[in-house]
Amino acid sequence: MTRRLLVLVAGALAVASLPRWLPNAVVTLRGRIFARVNGDEGIPIPGDLVDVARFKEVYSHPAANGRSRGAVLSDLFWYWLAPGPELHQEHLEPGERYEEVARTTRRILARSARDIEALAARYVADGLPAQDVRLVRLRDLMMPIWAGFFYEIVFGAPCPPAARDLIVANADDVVTALKCCGLRHMDRRHRLTRYLIAHLDAVPHALPAGLSIEERALYLQGTFFNTAVVQQSEAMAHLLMVLACYPGIQARLAADPSDAHLFDHVIDETMRMYPLFGIAHRITSAEIAVDDGVTLPAGSVLCFNYTEFHRAGYADPDRFDPDRWAALSAKDANHIPFGVAANRPCPAWHLSPVAMRVATREILRRFALHTSAAHTRSLPSRGPCLLARRDRRPRRLTAALAFIKARDRFEDVGRSVVQLVLGTYMVWDARRQGLCRRYFEESASGGRERVRLG
């Protein structure tokens with residue numbers, strides 16, 4: 001009996017200890033598997049060849065302009081972004097097609113700050129829960145809001161519920177696969193493609209003339225209903241998680257929602273600590289002379305690590321401190337949340353912060369945010385958070401936070417194993433399908449003008 005009791009106690013202790021060590025161990029193992037499958041093709045920046053001081057210089061270099069062709073990593077990103085990854089603005093090679101697509105995106109996003117604010121306020125107000133207290137996943141809360149917002153940006157009309165549901169299903173499937181929390185469901189993505197093809201005539205903007213009807217639909221899907229919806233939802237989830245984790249900062253913003261400087265500082269610090277991109281890869285089209293004796297050859301795959309760059313040069317970089325920006329200029333600091341002007345900056349660099357400020361004000365006007373969940377850059381938990389009406393403290397708040405913390409820790413155990421298994425499979429399957437490699441091989445063979453992918 002004593003031995004059985006000891007075994008039971010030891011088993012219980014082992015299970016209880018899993019959240020402490022298993023997720024980190026799985027992350028390390030995933031990194032080794034991914035490196036083994038993808039090969040050792042990338043040059044890390046910052047790293048031994050390019051230090052932090054030269055990060056922006058190399059990132060901005062005219063020869064750091066290859067986007068997909070020639071990188072094994074591209075097969076994986078094209079796999080995650082399908083269908084139509086060959087039309088995704090971030091992955092188009094330099095040239096006439098990219099220029100036409102980029103001009104169209106800038107034209108569609110060219111809205112006044114007043115228009116952006118009104119549109120964001122309307123969709124946020126309509127998308128918030130009616131209950132006084134609600135336990136939510138912040139990314140899930142935000143995604144329908146930005147689905148409707150970007151639908152109206154593109155179509156110039158309010159978003160029908162059916163279209164919103166299609167956009168959310170598509171965007172959620174993309175980001176879930178990117179985080180290796182689930183496999184791709186191409187049927188969900190293809191349903192949105194078919195909807196866009198059927199409704200292209202309702203788009204009031206001139207779409208790229210060099211694209212076919214299907215290509216125009218895939219361009220809209222990739223640029224606005226994949227990237228824009230996903231990244232805006234992720235950015236808001238990070239910002240709201242920060243406010244839930246730091247009630248003092250939340251109280252300052254709620255007390256004075258007109259303090260634009262404080263809002264900007266909180267957003268800058270959020271994007272510094274939790275950049276939306278972990279690593280961006282570029283392929284050099286010519287040699288880049290970095291320093292005496294250091295030259296990056298043409299065809300090099302440069303892996304720019306946003307997270308490391310955003311930690312370098314700051315006092316106590318792991319501390320969330322928006323007030324540091326009172327004495328810092330984002331232009332001069334190691335801070336590129338929207339990329340750099342010389343190398344395809346995010347086309348929503350103006351729109352996104354304006355919309356985020358308005359959305360946050362609307363939420364703080366109605367709700368206080370509380371969480372005890374872990375906040376990480378990749379945020380695979382989707383941001384568990386308790387929303388409670390601002391004028392009423394929720395009953396049993398301490399118990400609710402204890403529940404959120406315990407659930408989050410044990411979910412992290414199962415989720416890390418799922419990410420290991422599914423991530424390994426998707427890396428292998430992406431290499432097997434070779435979407436990027438096959439596209440450029442078949443295009444170069446002079447067969448079809450465009451290879452259907454995904």
Side-chain angles (χ1 to χ4, degrees), residues 80-81 88-90 109 116-117 119-129 134-154 159 161 163-182 184-185 188-189 192 220-245 266-267 270-271 273-278 306 337-338 346-349 351-364 367 369 371 373 375-385 387:
W80 279 329
L81 294 171
H88 195 286
Q89 186 167 328
E90 171 64 13
L109 293 175
I116 295 167
E117 289 172 350
L119 195 60
R122 174 156 52 85
Y123 277 100
V124 172
D126 291 344
L128 291 180
R134 177 82 180 272
L135 184 59
V136 300
R137 306 276 181 168
L138 290 170
R139 195 184 84 201
D140 298 347
L141 176 69
M142 289 290 105
M143 196 166 277
I145 290 170
W146 299 118
F149 176 89
F150 282 106
Y151 179 96
E152 190 155 340
I153 289 285
V154 170
C159 181
R164 181 200 60 212
D165 293 345
L166 288 173
I167 295 167
V168 169
N170 169 83
D172 182 68
D173 195 67
V174 169
V175 71
T176 299
L178 275 164
K179 296 180 188 299
C180 302
C181 292
R184 303 184 309 166
H185 297 84
R188 299 175 190 173
R189 307 184 189 194
L192 177 58
L220 291 176
Q221 183 166 348
T223 301
F224 296 97
F225 304 128
N226 282 359
T227 299
V229 172
V230 166
Q231 299 297 10
Q232 195 73 5
S233 301
E234 287 277 300
M236 279 301 304
H238 282 299
L239 178 56
L240 296 176
M241 278 292 285
V242 159
L243 297 180
C245 291
V266 172
I267 291 173
T270 300
M271 303 301 280
M273 288 193 68
Y274 307 102
L276 297 179
F277 295 98
Y306 280 71
F338 299 102
C346 172
W349 68 270
L351 177 149
S352 181
V354 173
M356 289 174 69
R357 282 194 295 269
V358 172
T360 306
R361 288 183 185 127
E362 285 293 317
I363 292 167
L364 292 182
F367 292 106
L369 299 95
T371 193
H375 188 184
T376 62
R377 191 206 68 79
S378 62
L379 203 62
S381 66
R382 314 193 307 281
C385 186
L387 301 185

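Remark: Ala373 pairs with Met241, Thr371, Pro384, Ile404, Asp408 by the side-chain contact (heavy atoms from CB on, under 4.5 Å) rule, at least two apart or across chains. Residues satisfying the salt bridge (charged side-chain N to carboxylate O under 4.0 Å, His left out) test with Arg357, not counting sequence neighbours, are Asp264. In this structure, the salt bridge (charged side-chain N to carboxylate O under 4.0 Å, His left out) partners of Asp140, at least two apart in sequence or on a different chain, are Arg382. Considering only residues two or more places apart in sequence or on other chains, Tyr306 meets the ring-ring contact (aromatic ring centres under 6.0 Å, His included) condition with none of them. Shown here are the salt bridge (charged side-chain N to carboxylate O under 4.0 Å, His left out) partners of Glu90, two or more places apart in sequence or in another chain: Arg67, Arg282. Listed by chain and residue number, Asp173 satisfy the salt bridge (charged side-chain N to carboxylate O under 4.0 Å, His left out) test with Arg189 (two or more places apart in sequence, or in another chain). The side-chain contact (heavy atoms from CB on, under 4.5 Å) check on Gln89 picks up Tyr98, Val101, Ala102, Thr105, Tyr219, Thr223, Pro347, with sequence neighbours excluded. By the side-chain contact (heavy atoms from CB on, under 4.5 Å) test, Met356 is found to be paired with Gln232, Ala235, Met236, Leu239, Ile267, Ser352, residues two or more places apart in sequence or in another chain being considered. Residues passing the side-chain hydrogen bond (donor to acceptor under 3.5 Å, both in side chains) test with Arg137 are Glu411, sequence neighbours excluded. Residues passing the side-chain hydrogen bond (donor to acceptor under 3.5 Å, both in side chains) test with Arg361, sequence neighbours excluded: none. Tyr274 meets the ring-ring contact (aromatic ring centres under 6.0 Å, His included) test with His238, His375; sequence neighbours excluded. The side-chain contact (heavy atoms from CB on, under 4.5 Å) test applied to Leu166 returns Arg191, Leu192, Tyr195, not counting sequence neighbours.
Side-chain contact between Leu379 and Ser381 is present, with heavy atoms from C-beta onward closer than 4.5 Å. Side-chain contact between Ile153 and Leu351 is present, with heavy atoms from C-beta onward closer than 4.5 Å. Residues Ile363 and Val124 meet the side-chain proximity criterion, which asks for heavy atoms closer than 4.5 Å. With a 4.5 Å cut-off on side-chain heavy atoms, Leu243 and Val266 count as touching. Side chains of Arg134 and Phe367 form no contact here, defined as non-hydrogen atoms less than 4.5 Å apart. Side-chain contact check for Leu387 versus Pro129: some heavy-atom pair is nearer than 4.5 Å. Within the 4.5 Å cutoff, side-chain heavy atoms of Leu369 are placed close to those of Leu364.
Taking CZ of Arg184 as the reference point, atom OG1 of Thr176 lies at 13.5 Å (rounded to 0.5 Å). One distance of note links CD1 of Ile167 with CG of Asp172; it measures 13.5 Å at 0.5 Å rounding. In this structure, the separation between OG on Ser233 and CE on Met143 is 4.5 Å, given to the nearest 0.5 Å. Atoms CZ and CZ, on Phe149 and Phe224 in that order, are 11.0 Å from each other to the nearest 0.5 Å. Expressed to the nearest 0.5 Å, how far CZ of Arg164 lies from CD1 of Ile145 amounts to 10.5 Å. Here the OH-CE distance, from Tyr123 to Met142, works out to 14.5 Å after rounding to the nearest 0.5 Å.
Heavy atoms only, all atoms of each residue included: Ala244 and Cys385 are closest at CB-SG, 3.9 Å. Listed here is the closest heavy atom pair of Pro275 and Arg377: O-NH1, 3.0 Å. Taking both residues in full, the closest heavy atoms of Trp80 and Cys180 are given as CZ2-SG, 4.0 Å, listed atom of the first, atom of the second, then distance. Of all non-hydrogen atoms in Val229 and Ala147, the two that sit nearest each other are CG2-CA, 4.0 Å. Considering every non-hydrogen atom in both Glu152 and Cys159, the closest pair reads OE1-N, 4.5 Å.
Between the side chain of Asn170 and the backbone N or O of Phe225, at least one donor-acceptor pair lies under 3.5 Å. Proximity of a side-chain donor or acceptor of Arg139 to a complementary backbone N or O of Gly383 within less than 3.5 Å is not detected. For Trp146 (side chain) and Ala228 (main-chain N/O), no donor-acceptor pair under 3.5 Å exists by modelled atom type.
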